[in-house]
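Right, one structure below, let's go through it.
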Amino acid sequence: MTKLTRRMMMTGMVGLPGCTALTSLNEAATPQDVYDLNPVSFDAQIRRTSRTLLVLEPTAPAAIDTDSILIRPNAQSIAYMPDARWSDDVPLLVQSLLIRSLAGSGQVGFVGPSGAGPVPDMVLITRIDRFGVDVRGEDDFEAGVTLDLTVLRDSDQRIVGSRIFQGVAAPTSDEAAPIAMAFQQIMDATLPEAVQWIGSQVAAG
């Protein structure tokens, strides 16, 4: 039985009848490791536009809209790692990654979240369809991310472009740190293409 499987079983035991309130309090008081993801960097600026971009907070299913690290033991089940979490709820984490990566690319005149900066020329809408780890078999895990991105013009709400970006990576073990590293690998591979596509849509819109 893998460490990840044992941890998920322990998490499930906390909710079983007969567990004492003290046990629940002890579980709640256990410190959790916190993991963050870094934006991608660009060696040189690519095509630049003076237009401004508003990045809305992404939407996601309830199972993903949390700071817990999502684990799917099978297609019908959902669990979370009890001893680790993300630095923010996943939608806010992804929003921050997009904003920081876009700002670092130098493609747009201004990029920021809702309520920040000038009136936007363009708006980025993001739907997170996948952000978790699937258990494929004994000691076989796959981290996966799927982002559905839509760029629209703010003045008339016309959709300029829409595209899905996705990636997978295999964690080297079932521990939290290698799992977080697998998500970073996905972002490192996926965000550069997504950022360049977003910039091209903003310029074309």
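Keep in mind it's a predicted model, so treat the numbers as computed, not measured. No hydrogens, no waters, no symmetry mates; every other heavy atom, side chains included, goes into these values.
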Using a 3.5 Å distance criterion without hydrogens, assess whether the side chain of [X] forms a donor-acceptor pair with backbone atoms of [Y].
| X | Y | answer |
| --- | --- | --- |
| Asp89 | Pro91 | no |
| Ser96 | Leu92 | no |
| Gln157 | Leu152 | no |
| Ser77 | Pro73 | no |
| Arg51 | Ala203 | yes |
| Gln166 | Leu147 | no |

Problem - Joint cluster assignment, Val145 & Phe165, ILVMFWY side-chain distance < 4.5 Å - result: yes

List the atom of [X], the atom of [Y], and the distance in Å for their closest heavy-atom pair.
| X | Y | answer |
| --- | --- | --- |
| Phe141 | Asp174 | CE1-CB, 3.5 Å |
| Ala63 | Thr66 | O-CG2, 3.5 Å |
| Gln95 | Glu57 | NE2-N, 3.3 Å |
| Thr52 | Pro118 | CG2-CG, 3.7 Å |

Practice task
Apply salt bridge (Lys or Arg N to Asp or Glu O under 4.0 Å) to Arg130 and Glu142, showing your working.
Solution key: CA-CA 12 Å; Arg130 183 184 181 189; Glu142 180 184 84; 2.8 Å; yes

Handout entry: Ring geometry between Phe131 and Phe183 (parallel below 30°, tilted from 30 to 60°, perpendicular above 60°)
Key = parallel

Handout entry: Side-chain donor-acceptor pair present, Thr146, Asp129, cut-off under 3.5 Å
Key = no

